[in-house]
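Basis for what follows: all heavy atoms, side chains included, without hydrogens, waters or symmetry-related copies.
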Amino acid sequence: MADYTTTLSAAEDKALSYAAFSQQDWIDNAVHERCRIAIDEIVQITVDKCLEAGTQVPSSKDAMVDLAFAQGWVKTAAERQAEAEAEAAAAAMQGA
């Protein structure tokens, strides 16, 4: 399990209190909802890949996420960004 900490300036905290009944609840909800969306996307990729390969689909969403990363079916945003930058650099070198 991972823990993250966010620091808000006094003005940001006041502004968020204007928009949300509880700043912490709002932050928690936003993060959990984004995680849910990403999990749903990864689950769909995993199901599709397992069906293509004729392999058994894992029985839990957590297992599907683990399998998708282990198989390289999905990558972190940082990995995708690094690959895109490397491709752009290679294309620039070829065009130079």
Side-chain angles (χ1 to χ4, degrees):
M1 188 168 301
D3 289 319
Y4 297 95
T5 302
T6 301
T7 303
L8 301 177
S9 70
E12 289 170 328
D13 186 53
K14 285 179 185 177
L16 190 54
S17 74
Y18 169 80
F21 181 74
S22 163
Q23 294 92 317
Q24 187 64 55
D25 287 347
W26 189 92
I27 291 165
D28 289 345
N29 183 59
V31 171
H32 287 287
E33 179 61 12
R34 186 59 188 101
C35 291
R36 184 197 63 76
I37 292 167
I39 288 169
D40 286 349
E41 291 171 0
I42 294 168
V43 162
Q44 186 61 57
I45 291 166
T46 303
V47 168
D48 292 345
K49 293 291 189 178
C50 286
L51 291 175
E52 286 174 15
T55 59
Q56 185 173 357
V57 177
S59 61
S60 74
K61 288 183 177 184
D62 288 354
M64 289 184 207
V65 170
D66 290 341
L67 179 63
F69 275 98
Q71 292 296 318
W73 298 334
V74 297
K75 297 178 182 179
T76 67
E79 290 169 333
R80 294 190 314 270
Q81 179 67 30
E83 289 174 356
E85 289 174 2
E87 289 174 10
M93 293 288 288
Q94 289 178 349

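- Here the CG-OG distance, from Asp28 to Ser22, works out to 8.0 Å after rounding to the nearest 0.5 Å.
- Within the 4.5 Å cutoff, the side chain of Leu67 has heavy atoms near those of the Cys50 side chain.
- If you take CZ on Phe21 and CG on Leu16, they are separated by 13.0 Å, rounding to the nearest 0.5 Å.
- Glu33 meets the side-chain hydrogen bond (donor to acceptor under 3.5 Å, both in side chains) test with Arg36; sequence neighbours excluded.
- Taking the side-chain hydrogen bond (donor to acceptor under 3.5 Å, both in side chains) definition, one finds that Glu85 meets it with Gln81, sequence neighbours left out.
- For the atom pair CE of Met64 and OG of Ser59, the computed distance is 7.5 Å after rounding to the nearest 0.5 Å.
- Here Gln23 contributes atom CD and Ser17 contributes atom OG; the two are 5.0 Å apart, rounded to the nearest 0.5 Å.
- Taking hydrophobic clusters as Ile, Leu, Val, Met, Phe, Trp and Tyr residues chained together by side-chain heavy-atom distances below 4.5 Å, Leu51 shares a cluster with Val65.
- For the pair Asn29/His32, no side-chain contact is recorded, criterion being any heavy-atom separation below 4.5 Å from C-beta on.
- Closest non-hydrogen pair, Lys75 versus Arg80, comes out as O-NH1, 2.6 Å.
- Here the OG1-CD distance, from Thr6 to Glu12, works out to 10.0 Å after rounding to the nearest 0.5 Å.
- No side-chain donor-acceptor contact under 3.5 Å links Asp40 and Gln44.
- Remark: Gln71 CD to Thr55 OG1 distance equals 8.0 Å, nearest 0.5 Å.
- Summarising the geometry of Thr46 relative to Trp73, their closest heavy-atom pair is CG2-CZ3, 3.9 Å, with the distance given to 0.1 Å.
- Residue Val31 is not grouped with residue Ile42 when hydrophobic side chains (ILVMFWY) are merged at heavy-atom distances under 4.5 angstrom, including chains of intermediate members.
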